Colleague: 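Dropping the structure in here first, questions after.
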Amino acid sequence: MEEKIGQNKIEEFLEKLSSKAPVPGGGGASAVGAAIGNGLGQMVANLTIGKKKYKDAEPEIQELLGKMKVLGQEFIRLADADAEVFAPLAAAYCLPSGTEEERAKKDEIMEKNLLAASLVPIEIMEKAISMLDILEVLGQKGSRMAISDVGVGVQFVRAALLGAVMNVYINTKSMKTRTKAEELNAYADRMVAEGTKKADKIYQEVLEGLC
């Protein structure tokens, strides 16, 4: 009997995502997208392990499966963390700023929360890069019967990378500590360049393997 997707949970997430509620938003959606790419990677690994044809690669695939299980949990944690850091930032925008003392206090709190809201998507990006490294190996050594799932997983993780960087930029743009903001932007830029290049390479290799 075919196993069905947990429709209620998916619909609940999408309902919240499409509502006026501030969270979940793009950051959380990016983390969930990466988690889906991770799940596809785990599936490919599980379809490879135990097959005589891939016996030589099995120890490495087993190791990667363990890493993916940890990464999968991290992506879910980061989806929640993105919502958690947004709440105090949203509240900070509403702080009074009528006096010089109030403005100074508001700036201090804003800066702290803008940094926190930037670091979560940075972490999503870091883990997306790690996931792409794993998918690259799976594309080369995983079951050929599941090679298309490597390609689908790559696109989910690539989208997560490019989605998360938007949340970095929107927060660093408002930071007054420009040195820190530019440092975060430069780091994010490097990850985008590295990650998209790798994702496109893996995807092209998958396509060539299918044709």
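Computed from a predicted model, the values in this text were never measured in an experiment.
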Colleague: Can you tell me how far the CG atom of Asn46 sits from the NZ atom of Lys51, to the nearest 0.5 Å?
Modeller: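 So the CG of Asn46 and the NZ of Lys51 are separated by 10.0 Å.
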
Colleague: Are the side chains of Lys198 and Asp133 in contact, using a 4.5 Å heavy-atom criterion?
Modeller: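 Result yes, sub-4.5 Å side-chain heavy-atom pair found.
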
Colleague: What's the separation between atom CD in Glu60 and atom OG1 in Thr48, rounded to the nearest 0.5 Å?
Modeller: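 It comes to 11.0 Å.
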
Colleague: Side-chain contact, heavy-atom cut-off 4.5 Å: Val192 with Leu162?
Modeller: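 SC-SC contact between Val192 and Leu162 confirmed.
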
Colleague: For the backbone of Thr172 and the side chain of Arg178, can you confirm whether one donor and one acceptor N or O come within less than 3.5 Å of each other?
Modeller: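 Flag set: sc Arg178 to bb Thr172 pair under 3.5 Å.
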
Colleague: Can a donor-acceptor pair be found between the side chains of Asn38 and Gln42 at a distance below 3.5 Å?
Modeller: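 On atom types as modelled, these side chains qualify, holding a pair under 3.5 Å.
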
Colleague: Rounded to the nearest 0.5 Å, how far does CD of Glu15 lie from CG of Leu17?
Modeller: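 The CG atom of Leu17 sits 11.0 Å away from the CD atom of Glu15.
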
Colleague: Salt bridge or not between Lys112 and Glu108? Use side-chain N to carboxylate O under 4.0 Å.
Modeller: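 Glu108 and Lys112: not salt-bridged.
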
Colleague: Return the minimal non-hydrogen interatomic distance between Leu135 and Val150, and the atom names on each side.
Modeller: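 Distance-wise, the nearest heavy atoms are O-CG1, 3.6 Å.
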
Colleague: Do Val32 and Met166 sit in one hydrophobic cluster, given that two such residues count as connected whenever their side-chain heavy atoms are within less than 4.5 Å of each other, even indirectly?
Modeller: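 Result: no, two separate clusters.
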
Colleague: Decide yes or no for Thr177 and Leu115: does some side-chain heavy atom of the first lie under 4.5 Å from some side-chain heavy atom of the second?
Modeller: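 Heavy-atom side-chain distance check fails, nothing below 4.5 Å.
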
Colleague: Assess whether a salt bridge exists between Lys201 and Glu205, defined as any Lys/Arg side-chain N lying under 4.0 Å from an Asp/Glu carboxylate O.
Modeller: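 Salt bridge present between Lys201 and Glu205.
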
Colleague: Would a single hydrophobic cluster contain both Val165 and Ile122, if residues Ile, Leu, Val, Met, Phe, Trp and Tyr are joined by side-chain heavy-atom contacts under 4.5 Å?
Modeller: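 The answer is yes; both residues are in one hydrophobic cluster.
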
Colleague: Okay, side chain of Lys16, backbone of Val23: is any donor-acceptor separation there less than 3.5 Å?
Modeller: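 Absent.
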
Colleague: Check whether any side-chain heavy atom of Leu114 sits under 4.5 Å from a side-chain heavy atom of Lys176, and report yes or no.
Modeller: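 Side-chain contact under 4.5 Å: no.
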
Colleague: What is the minimum heavy-atom distance between Ala128 and Val157, and which atoms define it?
Modeller: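 Minimum heavy-atom contact is O-CG1, 3.4 Å.
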
Colleague: Can Lys55 and Glu58 be counted as an ion pair, charged N to O under 4.0 angstrom?
Modeller: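 Glu58 and Lys55: not salt-bridged.
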
Colleague: Among the clusters formed by ILVMFWY side chains lying less than 4.5 Å apart, do Ile147 and Ile61 turn up in the same one?
Modeller: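 The answer is yes; both residues are in one hydrophobic cluster.
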
Colleague: Do Gln204 and Leu207 have side chains that approach each other closer than 4.5 Å (heavy atoms only, starting at C-beta)?
Modeller: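 Yes, their side chains come closer than 4.5 Å.
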
Colleague: Any sub-3.5 Å donor-acceptor pair from Glu102's side-chain atoms to Thr99's backbone N or O?
Modeller: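 Checking the backbone N and O of Thr99 against the side chain of Glu102, a donor-acceptor pair under 3.5 Å is found.
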
Colleague: Are any side-chain N or O atoms of Glu111 and backbone N or O atoms of Met175, one a donor and one an acceptor, separated by less than 3.5 Å?
Modeller: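 No.
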
Colleague: Is any side-chain heavy atom of Arg144 less than 4.5 Å from a side-chain heavy atom of Tyr54?
Modeller: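 The answer is yes; the side chains approach within 4.5 Å.
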
Colleague: Which pair of heavy atoms, one from Gly142 and one from Val44, lies closest together, and at what distance?
Modeller: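 Nearest heavy atoms, Gly142 then Val44: CA-CG1, 4.3 Å.
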
Colleague: What's the separation between atom CZ in Arg190 and atom CE in Met125, rounded to the nearest 0.5 Å?
Modeller: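 Reported to 0.5 Å precision, the distance equals 10.5 Å.
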
Colleague: Is atom CD of Glu208 surrounded by more than 12 heavy atoms (other residues, nucleotides or ligands) closer than 6.0 Å?
Modeller: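 Atom CD in Glu208 is crowded, with more than 12 foreign heavy atoms closer than 6.0 Å.
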
Colleague: Look up atom CE in Met110 and atom CZ in Arg103, then write down how far apart they are to the nearest 0.5 Å.
Modeller: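 Rounded to the nearest 0.5 Å, the CE-CZ separation comes out at 14.5 Å.
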
Colleague: Do Ile129 and Tyr187 sit in the same hydrophobic cluster, where Ile, Leu, Val, Met, Phe, Trp and Tyr count as joined when their side-chain heavy atoms come under 4.5 Å apart?
Modeller: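 Per the 4.5 Å side-chain linkage, Ile129 and Tyr187 are co-clustered.
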
Colleague: Is Val152 reachable from Leu138 through a run of I, L, V, M, F, W or Y residues, each pair having side-chain heavy atoms under 4.5 Å apart?
Modeller: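 Different clusters: Leu138 never reaches Val152 through Ile, Leu, Val, Met, Phe, Trp or Tyr contacts under 4.5 Å.
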
Colleague: Tell me, yes or no, whether the heavy-atom count around Ile109 atom CD1, taken from other residues, nucleotides or ligands under 6.0 Å, exceeds 12.
Modeller: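 Atom CD1 in Ile109 is packed in, count exceeds 12.
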
Colleague: For Ala160 and Ser30, which heavy atoms make the closest approach, and how far apart are they?
Modeller: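 Closest approach of Ala160 to Ser30: CB-O, 3.1 Å.
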
Colleague: Locate the shortest heavy-atom distance separating Lys106 from Ser97; write the atom from each residue and the value.
Modeller: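 Residues Lys106 and Ser97, closest heavy atoms: CD-CB, 4.0 Å.
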
Colleague: If you look at every heavy atom in Phe13 and Pro24, which pair is closest and at what distance?
Modeller: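 Result for this residue pair: CE1-CG, 3.8 Å.
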
Colleague: Say whether, by atom type as modelled, one donor and one acceptor occur between the side chain of Asn171 and the main chain of Asn167 under 3.5 angstrom.
Modeller: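 Side chain of Asn171 to backbone of Asn167: a pair is present.
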
Colleague: I need the Lys197 NZ to Leu132 CG distance, nearest 0.5 Å.
Modeller: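 That separation rounds to 13.5 Å.
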
Colleague: Are the charged groups of Lys141 and Asp56 less than 4.0 angstrom apart, N to O?
Modeller: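 Salt bridge absent between Lys141 and Asp56.
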
Colleague: Does the salt bridge (charged side-chain N to carboxylate O under 4.0 Å, His left out) test come out yes or no for Glu183 and Lys180, once each step is laid out?
Modeller: CA-CA 5 Å; Glu183 177 189 325; Lys180 184 63 177 178; 3.4 Å; yes

Colleague: What do you reckon, is CZ of Phe75 surrounded by more than 12 foreign heavy atoms closer than 6.0 Å?
Modeller: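 Yes - once you tally the heavy atoms of other residues, nucleotides and ligands closer than 6.0 Å, there are more than 12.
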
